[in-house]
Enquirer: 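Shown below is the structure under consideration.
This one's a predicted model, so the numbers in the text were calculated from it and none came from an experiment.
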Amino acid sequence: MLVIMRHGASKEQIERVIDFIKKKDFDIHLSHGEVHTVIGAVGGKVIDPRDIELLDGVKEVIKITSSYKLVSRIFQPYDTVIEVNGVKFGGDYTGMIAGPCTVENYEAVDETAKKLSAAGIKILRGGAFKPRTSPYAFQGLGEDGLKIIREVSDKYGMKVTNQF
């Protein structure tokens, strides 16, 4: 649930609300906005929201019934943007991670990374381990594959992610 504090709620009022909610075994996630302080309460015991609404400084209590409460638009109304190696993901940004499905040899990864880097891609990916049903099918290079992709990504100034 979300507890929206009144504009100008005192630090003491906020602390009293947090203490009350913690006593009900909720985990607290505090967010100080420009206008309101929002207290996210996750988990805990069944509680009547009116018990919280009666506390000093509380504007309203909103029950969240959706999954993924901490990333819901009710708790976090803004787009999350993550930046990795100068590449932004989320919001209006579409980041790109590219590379071979499997690291098979140095030359192939190097050629791929060279072209990706020239195209402005800054994150290289490639599988080092490929679980297969048949023990006779290519299983990936394992640790040697990790070493290859690390060396090549360093050569082109790229970050690397591996698929295991």
Enquirer: How long is the span from the CE atom in Met158 to the CD1 atom in Ile123, to the nearest 0.5 Å?
Expert: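 If I round to the nearest 0.5 Å, the distance is 8.5 Å.
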Enquirer: Show your working on salt bridge (charged side-chain N to carboxylate O under 4.0 Å, His left out) between Asp154 and Arg150 and close with a plain yes or no.
Expert: CA-CA 6 Å; Asp154 288 345; Arg150 170 82 280 151; 3.1 Å; yes
Enquirer: Nearest 0.5 Å, what's the NZ-NZ distance between Lys114 and Lys155?
Expert: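 Answer rounded to 0.5 Å: 7.5 Å.
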Enquirer: Considering all heavy atoms of both residues, which atom of Leu124 and which atom of Ala113 are nearest to each other, and what is their separation?
Expert: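 Shortest heavy-atom contact: CD2-CB, 4.1 Å.
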Enquirer: Taking all heavy atoms of Pro100 and all of Val109, pick out the closest pair and write down the distance.
Expert: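 Nearest heavy atoms, Pro100 then Val109: CG-CG2, 4.3 Å.
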Enquirer: What heavy-atom pair brings Gly145 and Ala128 nearest, and what distance separates the two atoms?
Expert: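 Heavy-atom minimum between the residues: C-CB, 4.4 Å.
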Enquirer: Heavy atoms only: give me the nearest Pro49-Lys63 pair and the separation to one decimal.
Expert: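 Minimum heavy-atom contact is CG-CD, 3.7 Å.
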Enquirer: Can you hop from Ile47 to Val58 via hydrophobic side chains spaced under 4.5 Å?
Expert: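 In one cluster: yes.
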Enquirer: State whether Glu151 and Lys147 are salt-bridged, where the test is any N-O pair (Lys NZ or Arg NE/NH1/NH2 against Asp/Glu carboxylate O) under 4.0 Å.
Expert: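 Answer for the salt bridge query: no.
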Enquirer: Got Val87 and Lys159 here, is their nearest side-chain heavy-atom distance under 4.5 Å?
Expert: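 No, side chains not in contact.
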Enquirer: Do other residues, nucleotides or ligands put more than 12 heavy atoms under 6.0 Å from the CD atom of Glu107?
Expert: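 For Glu107, atom CD is crowded (more than 12 foreign heavy atoms under 6.0 Å).
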Enquirer: What's the separation between atom CZ in Arg16 and atom NZ in Lys11, rounded to the nearest 0.5 Å?
Expert: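 If I round to the nearest 0.5 Å, the distance is 13.0 Å.
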Enquirer: Can you tell me how far CD1 of Ile18 sits from CG of Leu30, rounded to the nearest 0.5 angstrom?
Expert: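 It is 4.5 Å, given to the nearest 0.5 Å.
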Enquirer: Does the salt bridge (charged side-chain N to carboxylate O under 4.0 Å, His left out) test come out yes or no for Glu111 and Lys115, once each step is laid out?
Expert: CA-CA 6 Å; Glu111 184 64 25; Lys115 290 178 179 178; 3.6 Å; yes
Enquirer: Under the criterion side chain to side chain contact (heavy atoms under 4.5 Å, CB included), I'd like the reasoning laid out for Tyr156 against Leu116: C-alpha separation, chi angles, the key distance, then a yes or no.
Expert: CA-CA 9 Å; Tyr156 293 100; Leu116 293 174; over 6 Å; no
Enquirer: Is it true that Val81 and Phe89 fall in one hydrophobic cluster, defined by side-chain heavy atoms closer than 4.5 Å?
Expert: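 Per the 4.5 Å side-chain linkage, Val81 and Phe89 are not co-clustered.
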Enquirer: Asp25: which residues meet the salt bridge (Lys or Arg N to Asp or Glu O under 4.0 Å) condition with it, sequence neighbours left out?
Expert: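 Salt bridge (Lys or Arg N to Asp or Glu O under 4.0 Å) list for Asp25, sorted by chain: Lys45.
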Enquirer: For His36 and Met5, indicate whether the former's side chain and the latter's backbone hold a donor-acceptor pair under 3.5 Å.
Expert: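 Such a contact is found between His36 side chain and Met5 backbone.
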Enquirer: Tell me, do Ile148 and Asn105 make a side-chain contact under 4.5 Å, heavy atoms counted?
Expert: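 Side chain of Ile148 against side chain of Asn105, heavy atoms only: no contact under 4.5 Å found.
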Enquirer: Say whether, by atom type as modelled, one donor and one acceptor occur between the side chain of Thr102 and the main chain of Glu104 under 3.5 angstrom.
Expert: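 Pair absent, no side-chain N/O of Thr102 close to backbone of Glu104.
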Enquirer: Do His29 and Val42 touch side chain to side chain, with heavy atoms closer than 4.5 Å?
Expert: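 Answer yes - side chains close enough.
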Enquirer: Which pair of non-hydrogen atoms, one from Phe26 and one from Met1, has the smallest distance, and what is that distance?
Expert: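 Closest approach of Phe26 to Met1: CZ-CE, 3.5 Å.
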Enquirer: If hydrophobic clusters are built from ILVMFWY residues whose side chains come within less than 4.5 Å, do Val160 and Met96 share one?
Expert: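 The answer is yes; both residues are in one hydrophobic cluster.
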Enquirer: How long is the straight-line distance from CD of Glu15 back to CD of Glu12, given to the nearest 0.5 Å?
Expert: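 Going from CD on Glu12 over to CD on Glu15, the span is 8.5 Å.
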Enquirer: I need the single residue from Val38, Ile4, Val3 that forms a side-chain contact (heavy atoms from CB on, under 4.5 Å) with Ile62. Which is it?
Expert: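 Going through the options one by one, the only one that passes is Ile4.
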Enquirer: Consider side-chain contact (heavy atoms from CB on, under 4.5 Å). Of Ile52, Leu55, Asp51, which one does Ile21 pass it with?
Expert: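 Output: one option passes, namely Ile52.
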Enquirer: Taking atom CZ of Phe20 and atom CG of Leu54, what is their separation to the nearest 0.5 Å?
Expert: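 It comes to 9.0 Å.
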Enquirer: More than 12 heavy atoms of other residues, nucleotides or ligands under 6.0 Å from CG of Asp92: is that the case?
Expert: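 No, because the 6.0 Å sphere around CG of Asp92 holds 12 heavy atoms or fewer from other groups.
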